Structure formats: structure tokens, C-alpha cells
Novice: 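Have a look at this one before I ask anything.
For the single chain, residues carry numbers from 1 onward in sequence order. Keep in mind it's a predicted model, so treat the numbers as computed, not measured. Whatever order the structure lists ligands and atoms in, that order sets their numbers, starting from 1.
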Amino acid sequence: MDIQALIRDIPDFPKAGILFRDITTLLKDAKGFKHTIDALCEKCADFKPDYIVGMESRGFIFAAPMACQMGAGFVPVRKPGKLPSEAYSVEYALEYGTDRLEMHKDAIEPGKRVLIVDDVIATGGTAAATAKLIELGGGELVGFAFLSELTFLEGRKNLPQVPIVSLIEY
Ligand code: AMP
């Protein structure tokens, strides 16, 4: 199945010069969405994760069903101030300014195998910040999985040295 054909390209969103990869057209296609989750799970089988971590908010859409299918737990990484219990917080650089991501301190027990999942890797800043949260929590990062990768931005170079899976390369 051609998953890429189900992703819609929106020029100049959210600002001029960005070609936004809109996954809503993939998600509403029942067979396409199921096939995407199946393909990601198949490619990630060897990671044998105890936990799959997804980043707010589009990471949740892929990480949660993968966790169910792979028999792993799902852990959300959220924007600041959203988590109710004590959380680790990591600041990371954006094109202009900085942002933060947070994860509950008791979300991942030391030594547990963790897979990080998001819809797109662009510069890798979001995924690298999430990897730092896993490190703070004492988890063992075993890999990253992305639906798509903007290869020209070379985001992989900003990630720790663990295997990286992606289904689509732009
Ligand atoms: P980055 O931290 O630069 O790797 O950006 C990754 C985050 O931004 C992901 O959570 C994506 O959802 C989003 N993102 C970045 N660029 C795009 C794009 N061209 N189309 C859709 N989402 C994007």
C-alpha cells in the first residue's frame, strides 16, 4: 500500500516556506491507518520495547496503537504544565526561541526498554529532547520510529546512536 499517497502536502503552513505533511488524510483512511500501524510495528519488532513514548500531540496518534499492538505500555511526553504529577522537564531550541517537553518522573522504571515514536522527524530537536527525558528517567533508549523523515534537514545527526526507523523519506 502507498502510504505516502495518503499524506497531503500543504504549502506555506504554518508559515511561508514550510511544506506541511498533513497526516489527517491518512488517519481518516481506515485501511491506510491500520496498514501504517502494522508496518511500524513490524519494523520495530526487534526493539522489544517495554514502553513506547509518544510526543504531544501527533506522536500520540501512532505511539498509542503501536503500544497496544506490541504489548508495551504507552508513555506521553507533554508540553509544559500539562502533567499532574512530578515531572522531568527538558528545554530545546526552536528556529526562534526555545520550548520545553515534560515526562512524569515515575513513568519509566530504570533499565526498561524504551522506543520513541513521532509522526515526522524534521531537525530532530523534539526527538532529541525526548531522548534526554528518557535518560533522566533511567530508561534504556532502544530506538526511534517515525512515520516520515525530512532527510534534507539531517535530523538523524542530532539523535543518540540507536537504530532509527522511518516508513517514508522526503
Ligand atoms: P523537529 O523537532 O524539527 O524534528 O520537528 C518535529 C516536530 O515538528 C514533529 O512533532 C512534527 O510533527 C512537526 N513537523 C516539523 N516539520 C513538519 C512538516 N514539514 N510537516 C508536518 N509536521 C512537521
Novice: What does the list of residues with a heavy atom under 4.0 Å from ligand 1 look like, ordered by chain and number?
Specialist: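 For ligand 1, the residues that come within the 4.0 Å heavy-atom cutoff are L19, F20, R21, R58, D118, D119, V120, I121, A122, T123, G124, G125, T126, L150.
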Novice: Quick one: salt bridge (Lys or Arg N to Asp or Glu O under 4.0 Å) partners of K157, sequence neighbours excluded?
Specialist: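 In terms of salt bridge (Lys or Arg N to Asp or Glu O under 4.0 Å), with neighbours along the sequence ignored, K157 is linked to E154.
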Novice: Measure the OG1-CD distance between T98 and E91 for me, rounded to the nearest 0.5 Å.
Specialist: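 It comes to 4.0 Å.
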Novice: With rounding to the nearest 0.5 Å, note down the distance linking NZ in K43 to OG in S166.
Specialist: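 Here the interatomic distance stands at 6.5 Å.
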Novice: In Å and rounded to the nearest 0.5 Å, what is the CG to OG distance from D119 to S57?
Specialist: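 Going from the CG atom of D119 to the OG atom of S57 covers 8.5 Å.
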Novice: By the rule that ILVMFWY residues connect when side-chain heavy atoms come within less than 4.5 angstrom, directly or transitively, which residues belong alongside I18?
Specialist: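 Other cluster members: none.
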Novice: Checking one residue: V90. Which other hydrophobic residues are in its cluster under the side-chain 4.5 Å linking rule?
Specialist: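 Its cluster partners, ordered by chain and number, are Y51, V53, M55, V75, V77, Y88, Y92, L94, L101, M103, I108, V114, I116, I121, L133, I134, L136, L141, F144, F146, L159, V162, I164.
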